[in-house]
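So that the names make sense, note that chain A is the first sequence line, chain B the second, and so on, each numbered from 1.
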Amino acid sequence: MDWPGWALFGLLATSVLTVVMIAAQMAGLTRLDLPLVLGTLVTADPDKARVAGFFLHLAAGQGFALGYAATFALLGWSAWWLGALLGLLHVAVALTIILPLLPGIHPRMASHRAGPANRAGLEPPGLLALNYGIQTPTVAAGAHLVYGTVLGLLLQAG
Amino acid sequence: MNGDDPRTAAPVPVGEYGLPDDTRTAAPVPIGDYGLLGDTRTALLVSGDGAVDWFCVPAFDGEPVFGRLLGGPPAGTFRVGPVLPARRLGRRYLRHCATLETVWEAGQGRLVLTEAMVAEVSGQLLPATVLIRRLSAEDAPVPAVIEFDPRLGEHHRRPRIRRGPGLVCEWGRLALSLGSDPELNLEPGRPAVITVVPGRPVTLVLSVADAEPLVHVNPASAWDLVDADEARWRAWVGGIDERLPFREPMVRSLLTLRLLTYSPSGAPVAAPTTSLPEDPGGIRNWDYRYAWPRDASIGVGAFLAVGKTAEARGFLAWLLHASRLERPRLPALLSLTGRHAPGERELHGWPGYASSTPVRVGNAAAGQHQLDGYGWVLDAAWVLVEAGHRLYSETWRAMRGFADLVARRWQEPDAGIWEIRDDAAHHVHSKLMGWLALDRALRIGESHRLGDRQRQRWQVAREAIAAEVRARGFDPAKGSYTRSYGSADLDAALLILPLLGLEDEDSPRMRGTVDAIRRELSAGGPLLYRYPPGCDGLPGTEGAFLPCSFWPVQALARTGRRPEAVKLFEALLERATPLGLYGEEMDPVTHAHLGNFPQALTHAALVQAALALRDTAGRRQ
């Protein structure tokens, strides 16, 4: 497996993914703010949360990159389009499994069952994170396609 | 089950009991006769004869499963009450909670319906939406009708029926289950008569599942859930400042505001209904099941002032989150999850309340430019800062963006607070709220980081607004500020003038405006119209506007006329429904509540008025 490539390009791909998501957020396409969502796992202050969340996101991206590297190693080849396909699978898992499950473990995220005692500040993402804007699935899919493409281009199979 | 237990006897169809299939009269139930039950995710309206005539699932803005209020009998209802006619002896919310109790005299006995939705379901295997209704008899056995007729949505779709632990009604992703203790063999759309025996209450449990498995609640122990919820509500009320004047009506208003707050996102819902008419038989029927930033901002001040800091901060957090996509523009209204409110459309074939058509869903005001919204929001942020809270830097960044937008766009005409669907105008109230936005931003900037150039820009714009409003928004002949530049009409929204700090509290302009509005917009007694009736380009007329009727209480209290303010406030409290609820408007002659019901803005105005009386107590008049 391409360990040096994983170490370097995992960080690069996650950074690019983060840039795409932040750009989309600034352009008013989505309210999904991954550093904030992840960072509020450890602090309620949104500014500090974004810093912590950025590093948590880098770590998570590095973890997912391991899956990409292992897949390429297993197949014995890699290509940008294979990376992009894995990116699609990755975003499907993120939007349909990981984000909808998050209210169950996130101390500062409400669920759709929240009641008057709820003190969680973050709104639940809902299916496909549509609560964060109707274009959120498209933005997330685009960002993960880029992430997968970068890894498919740069990671070696062996 | 014990076969001798009279409760287990099969319900008798009302036809066999000698009653017509629909035991209710054709006349519409007065809007003010409805009570509100809610769980902070959705809510329902239940009439004085025990009929749930409006219930949207899974959230406030969902589709109705019981829509008789607007759709007539084909839209479904869930009635649990006496065999008519029966005399209603009383109706009340149980003290400091959201449980409703209705008592009827029926023959030799009395029938009591106690009902509630379960608000706190987190951490328990419970349905997200559950309604529990308990019938009990006193003195003698009493016959009671149960009519369960759910119909979903615009086309009154009948459910697919199956029997599980209870009666299960399904429409694809949505399912209801109705369980009972003792077990009753009920059928949708077929009203039945049961006999309730003293000491042996009948409990009905309605559970809702949307895109998830149904969770069946054991009806025999369901009332424990209501008991636990009541304890939680009472603890919540216990956290409200004990020294408030008029505490009981304030508590009911605060509870109503909390019930109308969508807990999953923190969005304040303007009202749980759509299309209850401002003019019965007319076209002024709008959908209020959405969230207005203005209401959230007022909620910040109201909840903070009574000691509910978490709720106050929650409203501001919702504002920040929900406005994120369009910042620095502030949408006039948003969906409960912070999306664009759906486009407005009409429900064809719906007869409407008292033949008031069209019945609308969605709201076209979403695209309007309303300058006043920025003033409300920045004032809410200032209220928090003034109370010693520091804004997160992200919050302050957003507020600076709002203030910059006001400094840039205040010279443009806007739709105004009343969302009139006419050409935009230079509304004086909007300009004043623009002034307020900049003034409060500058005040916050004294304790938060603010660049010199930005500060100067805001100061220049604030002074320019003040100069222009004083020159073009004041009618010297009337001695009052006016509705818009060059207009002779008045606007009750200008009653916020004493709260701003733009004019001295005892200035002739201030007193003149308050007096002119109370004189010219009076609808009789303590009631005020929001603007001269009929001056909005729509056919028909409308009732007195209740939030505006409360605003003079604040204006009078803060301009040295507290005794008048107290008298006015007491008169307005007498206009509440017997359950302490208020709609949006009121017929000045019959005092019938009009418009969507109950209305969060009216209850927030009541709280603000009472707070103004508290804050001015002891001041020299």
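Looking at Leu336(B), the atoms closer than 4.5 Å to chain A (heavy atoms on both sides) all sit in the backbone: N, CA, C or O. For Pro127(B), the part sitting under 4.5 Å from any heavy atom of chain A is the backbone (N, CA, C, O) and nothing else. Neither the backbone nor the side chain of Ala317(B) comes within contact range of chain A; no heavy atom of the residue lies under 4.5 Å from a heavy atom of that chain. No part of Trp318(B) comes within reach of chain A, as not one of its non-hydrogen atoms sits under 4.5 angstrom from that chain. Using a 4.5 Å cut-off between heavy atoms, Leu29(A) contacts chain B through its backbone alone, with no side-chain atom that close.
Enclosure of atom NE2 in His340(B) is not indicated, since only 12 or fewer non-hydrogen atoms of other residues, nucleotides or ligands lie within 6.0 angstrom.
Contact of the Pro116(A) side chain with the Glu120(B) side chain is registered, since non-hydrogen atoms from C-beta on lie closer than 4.5 Å. The closest side-chain heavy-atom distance from Pro264(B) to Glu123(A) is not below 4.5 Å. Side-chain contact between His112(A) and Glu212(B) is present, with heavy atoms from C-beta onward closer than 4.5 Å.
Ranking Gly104(A), Ala27(A), Gly28(A), Ser111(A) against chain B, the residue ahead of the rest is Gly28(A), based on heavy-atom pairs under 4.5 Å. Comparing Leu259(B), Thr129(B), Thr40(B), Thr261(B) by how many heavy-atom pairs each has under 4.5 Å with chain A, the most go to Thr40(B).
Taking CD from Gln135(A) and CZ from Arg339(B), the interatomic distance works out to 12.0 Å, rounded to the nearest 0.5 Å. Once rounded to the nearest 0.5 Å, the distance linking OG of Ser335(B) with CD1 of Ile134(A) reads 9.5 Å.
Of the possible polar contacts, none joining the Arg113(A) side chain to the Arg41(B) backbone as a donor-acceptor pair under 3.5 Å is found. Under a 3.5 Å cut-off, the side chain of Ser263(B) and the backbone N or O of Gly115(A) do form a donor-acceptor pair.
Taking non-hydrogen atoms and a 4.5 Å limit, the residue list of residues 321-333 of chain B in contact with chain A, ordered by number, reads His321(B), Ala322(B), Arg324(B), Leu325(B). Of all residues spanning residues 390-402 of chain B, those with a heavy atom less than 4.5 Å away from chain A's heavy atoms are Tyr392(B), Ser393(B), Glu394(B), Arg397(B), arranged by number.
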